[in-house]
Chemist: 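Take this structure, written in structure tokens, and hold onto it; I'll ask about it next.
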Amino acid sequence: MLFYLCKRLVLAVTIVVTAVTLLFLMIHAVPGDPADTLLGPRATPEMKAHLHQQMGLDRPLIVQIVTFFGGLLRGDLGYDVFSQRPVADIVFAQLPYTIELILVSIFWAAAIAVPLGCYSAMRRNSLLDQSVGVVAVATIAIPSFVMAVYALLIFAVALRWLPAIGPGEGFVDGLVHLVLPSFAMGIGWVGYISRLVRASMLETLGENHIRMARSFGISEWRIVYRYALPIAILPTITVLGVGIAWLLSAAVFVEVVFARPGIGALIVQAVNTRNYPIVMGVVVVTTFLIVISTTVSDLVNASLDPRAREKL
């Protein structure tokens, strides 16, 4: 297990370095001069040159990349060109809002989808199984930003059941304000996870050790949740780790629609203003989050199934 952990950490570092380098090149390939956006049309060439020097844009690209990674090793993500505040402070001030939105979305989606997938597998081709399949495909096909807009219009504007914008104040009010955004992000995962659990459960229920358990007269519910589910849940754990990337991209639209703070809304504002340090800071943090989530899911998977350690 220790050797597998070392290999996984080396792979994670390689992914981070490659992803940050490629995104750094892509950001600097975007047309437009950030000085024009930051200083306005009346800026003089001297003012633009000073801003380029301040942001480090006057140096060769390879020097900028090396300098950025050098600062990254020290925990320095640069400074915001508007407020001159450290980028790390700005990003990590917004990060908890996005993390709580993602965790709540995953939690309630998995809490509903896993039992639903198990029951669908136990009642294969029943009316409930077919209904869950239709609803699952429908929710998966609807983008999160469309679901966010309709949830806002129906539950906040028309029915006035739930608040529409903002993160709320206090613990209880914060949870109430999380209902609609987490619904918009998590509803598609209910269908996806339930279908995945169902398919994996059907395969597991046909294995020899399950037949042997049935021959001993063990109840079907105990067989499903004690012997079949720990094996059938493995693909779901892997998908949930990879799904952090999808949820981070969905958070961009959801946070904008519901006017919530978070790194999604932060990067939209930074891109519009060509605020390169903020963009790179958000990209680095989200890349680390994705790599950490996939690494943790792989480690959990490997601890539950030793065969997974041989696949890397």
Chemist: In Å and rounded to the nearest 0.5 Å, what is the CD to CD1 distance from Glu255 to Ile267?
Modeler: 11.0 Å
Chemist: Donor-acceptor pair, Ser126 side chain versus Arg123 backbone, under 3.5 Å?
Modeler: yes
Chemist: Looking at Ala270 and Ile278, what are the two nearest heavy atoms and their distance?
Modeler: CB-CG2, 3.4 Å
Chemist: Is there a donor-acceptor pair under 3.5 Å between the side chain of Thr286 and the backbone N or O of Val283?
Modeler: yes
Chemist: Check for me, please, whether Leu127 and Val137 land in the same ILVMFWY cluster - side-chain distances under 4.5 Å, paths through other members count.
Modeler: no
Chemist: With Val63, which of Ile65, Thr67, Val66 fulfils side chain to side chain contact (heavy atoms under 4.5 Å, CB included)?
Modeler: Thr67
Chemist: Minimum heavy-atom separation for Thr287 to Ala19, with atom names?
Modeler: CG2-CB, 3.9 Å
Chemist: Could you tell me which non-hydrogen atom of Trp189 sits nearest to which non-hydrogen atom of Ala109, and how far apart they are?
Modeler: CB-CB, 4.0 Å
Chemist: Between Glu100 and Arg260, is there a side-chain N and carboxylate O pair less than 4.0 Å apart?
Modeler: yes
Chemist: Under the side chain to side chain contact (heavy atoms under 4.5 Å, CB included) criterion, do Val132 and Arg198 qualify, and how do the steps go?
Modeler: CA-CA 10 Å; Val132 170; Arg198 177 186 180 276; over 6 Å; no
Chemist: For a quick test of reading the model, state the closest non-hydrogen atom pair linking Leu101 to Val254 and the distance between them.
Modeler: CD2-CG1, 4.2 Å
Chemist: Any chance you could measure Ile112, atom CD1, to Ser194, atom OG, to the nearest 0.5 Å?
Modeler: 10.5 Å
Chemist: Would you call the rings of Phe155 and Phe183 parallel, tilted or perpendicular, where under 30° means parallel and over 60° means perpendicular?
Modeler: perpendicular
Chemist: Working to the nearest 0.5 Å, report the span between CG of Leu180 and CZ of Phe258.
Modeler: 5.0 Å
Chemist: For Ser200 and Leu196, indicate whether the former's side chain and the latter's backbone hold a donor-acceptor pair under 3.5 Å.
Modeler: no
Chemist: Check whether any side-chain N or O of Thr98 sits under 3.5 Å from a backbone N or O of Ile263 as a donor-acceptor pair, and report yes or no.
Modeler: yes
Chemist: Out of curiosity, does Val179 fall in the hydrophobic cluster containing Leu159 (side-chain heavy atoms, cut-off under 4.5 Å, transitive links)?
Modeler: yes
Chemist: What distance do Leu289 atom CG and Leu95 atom CG have between them, rounded to the nearest 0.5 Å?
Modeler: 5.5 Å
Chemist: Check the hydrophobic clustering (I, L, V, M, F, W, Y; side-chain heavy atoms under 4.5 Å; chains of links allowed) and say if Ile292 and Ile106 are grouped together.
Modeler: yes
Chemist: Quick one: closest heavy-atom pair of Ala121 and Leu202, and the distance?
Modeler: O-CD2, 3.5 Å
Chemist: When you group the ILVMFWY residues by side-chain heavy-atom contacts below 4.5 Å and let the links chain together, are Tyr97 and Leu162 in the same group?
Modeler: no
Chemist: Take atom CZ in Phe69; do more than 12 heavy atoms of anything else shown fall under 6.0 Å from it?
Modeler: yes
Chemist: Nearest heavy-atom pair of Ile187 and Trp108: which atoms, and what distance?
Modeler: N-CZ2, 3.7 Å
Chemist: Is there a path from Leu116 to Val135 through hydrophobic residues (I, L, V, M, F, W, Y) whose side chains come within less than 4.5 Å of each other?
Modeler: no
Chemist: Any donor-acceptor pair under 3.5 Å linking the side chain of Arg124 with the backbone of Ser120?
Modeler: no
Chemist: Is the closest side-chain heavy-atom distance between Pro163 and His177 below 4.5 Å?
Modeler: yes
